[in-house]
Each structure stands twice: as structure tokens, then as C-alpha cells.
Undergrad: 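Here's a structure for you.
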Amino acid sequence: MSTNALPHTRTQSGSEDRILRYTLAERVVHWVAGLSYIYLLITGLAFWSPYLFWLADLVGGGPTARFGHPWMGLVWSVAIFWMYTAWREDMRTTPADRKWAKHVGDYIRNHDENLPPIGRFNIGQKQFFWLMLFGGIALLLSGVAMWLVNDIPWSWRWLRYTAVLVHAVAALLTIGGFIIHVYMGTAMVRGGFTSIIRGEVSVAWARMHHRLWYEHVKGASSREK
Ligand code: HEM
């Protein structure tokens with residue numbers, strides 16, 4: 001497993017039965033990504049359909065939304081890039097993930113006791129991460145092309161049309177991933193939401209959901225003592 005898990009040994013509470021799952025920096029960047037994405041979602045949907053334009057009123061009206069959307073897109077892109085630099089090793093698919101994926105039926109039916117052990121993230125979390133990364137790159141490139149549309153010469157108009165199409169497709173894909181992510185993180189996996197707020201999880205939670213990660217962290221912490 002990656003060495004990225006090594007800082008996750010000391011908890012703020014110092015309690016023996018708690019493990020640090022997300023550092024303060026990871027949590028802050030995650031919520032910058034989360035809140036900026038919600039702003040992009042509201043303003044983006046407002047521009048997409050006249051039926052949804054009322055959404056712009058939630059964030060200060062049409063002109064404010066039009067001004068804020070591209071700048072907030074840059075904030076979101078920086079947060080995603082930071083996540084990539086911090087988590088890319090933990091997000092690689094491993095043989096343990098492939099084994100786990102064969103038991104996904106048990107995961108859905110809440111028979112977690114039948115699941116093989118996995119590392120810091122499960123394969124669904126990893127696929128969501130890569131979807132947001134590549135979706136984010138597509139949204140950034142197509143978004144910048146639309147932002148600077150007046151500088152694109154008429155002979156390059158294919159670029160304008162491609163940018164609109166790419167932006168819409170990438171937005172729909174990331175919205176799908178976002179809805180599943182929020183549902184899984186808030187309603188389905190108990191203890192996950194507290195971890196992205198406070199940073200810590202219980203030893204029992206870590207052993208139940210991410211046993212290989214737990215053993216790695218435990219090994220690192222006993223070496224530190
Ligand atoms: C605003 C609504 C959001 C909520 C309620 C939310 C919730 C959560 C929770 C509970 C976790 C911890 C899961 C665990 O460790 O078991 C998490 C992790 C994570 N979040 Fe979010 N999140 C939100 C937005 C986002 C956005 C917009 C992104 C886009 C980059 C994102 C990317 C991630 C990633 C990559 C992880 C680590 C792996 C994973 O659990 O999928 N989150 N989030």
C-alpha cells in the first residue's frame with residue numbers, strides 16, 4: 001500500500017480506539033471541492049435550461065452567477081488537482097480491489113462480513129475519484145474555451161461547438177457521480193461523514209470497512225512508538 005497512509009497514525013483526540021482517516025488539509029480541500037462544486041452545479045444548471053434559471057437567484061442573480069461560475073470553476077479545478085497530488089497512490093486499483101469487486105452484491109445487501117479486506121478506499125470510491133479528475137480536466141478545458149469564446153476565430157468555430165458538447169457531457173457524468181457520492185457518504189456508510197468532518201474513525205470502523213488500511217496504519221503507529 002502507498003506511504004500516503006503513514007501520516008494517518010496520530011489522532012487529535014489521542015484516543016487509542018480512534019484512527020486519523022483524513023488530515024486537516026485533506027478535509028479543508030475536500031470541502032473547498034464540495035462547496036465549489038455545489039455552486040457550479042446551481043449556476044451551471046441555471047444556464048443550461050430557462051426552466052432552471054430561477055436557481056441563479058439563489059446565488060445573487062444571473063449576472064453574478066455568470067461572473068462567478070468560471071472563477072469558481074478554477075477554484076474547483078485547483079482543489080481536484082490538490083486531491084490528485086495527495087491521493088493518487090491510494091486511488092490505484094489493486095488485486096484486493098478486484099477481489100472485493102466480485103463481492104459487490106454483498107456490499108449492496110449490507111453483508112459486509114463476506115467482503116474481502118481492502119485498503120484505504122474501495123473500488124467505487126476510486127472510480128469516483130478518477131471520474132471527478134478526468135471529468136474536471138474536460139470541464140476545465142472546455143470551460144476555458146467558452147470563457148474566451150470571443151478570442152476564438154470564426155474559422156475555429158468547431159472548437160466552440162465541441163467545447164459546449166464536452167462541457168455538457170462531462171457535467172452530466174460528474175453530476176451522476178456526485179449524487180452517488182453524496183448518497184453513499186451521508187446515508188449509506190455510517191461513520192464516513194464524521195470522518196470527513198472530524199478526521200477520525202473508530203478502530204472497529206476501520207477494521208470493518210478498510211482492513212488492509214487499518215493494518216498498515218496500525219503497523220506504522222507501532223513502529224513510531
Ligand atoms: C458536497 C457534498 C459532499 C459530501 C456530503 C461528501 C461526502 C464525503 C464523505 C462522507 C467522504 C468520506 C468517505 C469515506 O472515507 O468513507 C468523502 C470522501 C471523498 N470525497 Fe466527498 N463529499 C462531497 C463532495 C465531494 C466533491 C464535489 C468531490 C469532488 C472532487 C468529492 C470527492 C471526494 C473524494 C475523492 C473522497 C475520498 C474517496 C471517497 O470517499 O470517495 N467530494 N466525501
Side-chain angles (χ1 to χ4, degrees), residues 21-87 91 121 124-152 157 159-199:
R21 180 151 173 80
Y22 295 109
T23 62
L24 180 62
E26 286 174 322
R27 282 175 274 152
V28 169
V29 174
H30 174 269
W31 287 114
V32 169
L35 295 177
S36 56
Y37 189 82
I38 291 172
Y39 181 90
L40 291 167
L41 189 61
I42 292 172
T43 49
L45 289 175
F47 305 147
W48 196 31
S49 160
Y51 294 108
L52 295 172
F53 193 69
W54 59 270
L55 283 169
D57 288 337
L58 300 178
V59 289
T64 312
R66 174 61 189 83
F67 175 80
H69 186 86
W71 287 105
M72 199 60 91
L74 293 184
V75 171
W76 186 65
S77 303
V78 171
I80 298 268
F81 181 71
W82 189 96
M83 284 176 167
Y84 171 71
T85 59
W87 291 346
M91 293 295 178
F121 300 113
Q125 291 174 305
K126 291 180 181 184
Q127 285 172 350
F128 168 71
F129 172 83
W130 294 111
L131 170 71
M132 285 314 213
L133 181 76
F134 290 113
I137 293 170
L139 284 165
L140 177 66
L141 294 178
S142 55
V144 168
M146 287 194 283
W147 202 4
L148 307 176
V149 71
N150 291 334
D151 299 321
I152 299 177
R157 59 190 176 280
L159 182 59
R160 300 173 176 203
Y161 304 135
T162 310
V164 173
L165 188 69
V166 169
H167 211 70
V169 171
L172 288 176
L173 291 173
T174 62
I175 291 170
F178 174 74
I179 292 170
I180 296 170
H181 177 70
V182 173
Y183 174 69
M184 300 296 291
T186 54
M188 190 133 165
V189 183
R190 292 186 66 190
F193 193 68
T194 332
S195 76
I196 202 74
I197 302 277
R198 296 218 188 123

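Computed from a predicted structure; not experimentally measured. Residue indices begin at 1 and follow the sequence shown.
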Undergrad: Per the side chain to side chain contact (heavy atoms under 4.5 Å, CB included) rule, which among Val29, Val28, Ile196 passes with Tyr22?
TA: Ile196
Undergrad: Can you check whether Met91's main-chain N or O pairs, donor with acceptor, with Trp130's side chain at less than 3.5 Å?
TA: yes
Undergrad: What residue pairs, at least two apart or across chains, pass salt bridge (Lys or Arg N to Asp or Glu O under 4.0 Å) with a residue in residues 126-143?
TA: Asp97-Lys126
Undergrad: Apply side-chain contact (heavy atoms from CB on, under 4.5 Å) to Phe129 and Trp87, showing your working.
TA: CA-CA 9 Å; Phe129 172 83; Trp87 291 346; 4.2 Å; yes
Undergrad: Can the ring centres of Trp71 and Trp147 be said to be less than 6.0 Å apart?
TA: yes
Undergrad: Quick one: pull up CG in Leu52 and CD1 in Ile42 and give me the separation to the nearest 0.5 Å.
TA: 11.5 Å
Undergrad: Is the centre of the Tyr37 ring less than 6.0 Å from the centre of the Phe178 ring?
TA: yes
Undergrad: When rounded to the nearest 0.5 angstrom, what is the spacing between OG1 in Thr174 and CD1 in Ile80?
TA: 8.5 Å
Undergrad: Looking at CZ of Arg157 and CZ of Arg160, how far apart are the two atoms once the value is rounded to the nearest 0.5 Å?
TA: 9.0 Å
Undergrad: Could you give the distance from CH2 (Trp76) to OH (Tyr39), rounded to the nearest 0.5 Å?
TA: 15.5 Å
Undergrad: Nearest 0.5 angstrom please: His167 NE2 to Leu141 CG, how far?
TA: 11.0 Å
Undergrad: Give every donor-acceptor pair under 3.5 Å between a side-chain atom in residues 131-139 and any protein atom, sequence neighbours left out.
TA:
none

Undergrad: Should we say atom CH2 of Trp48 is surrounded by more than 12 heavy atoms from elsewhere, each under 6.0 Å from it?
TA: no
Undergrad: Is there side-chain contact between Leu148 and Ile152, with heavy atoms separated by less than 4.5 Å?
TA: no
Undergrad: Atom CG of Leu55 and atom OG of Ser49: how far apart are they, to the nearest 0.5 Å?
TA: 9.5 Å
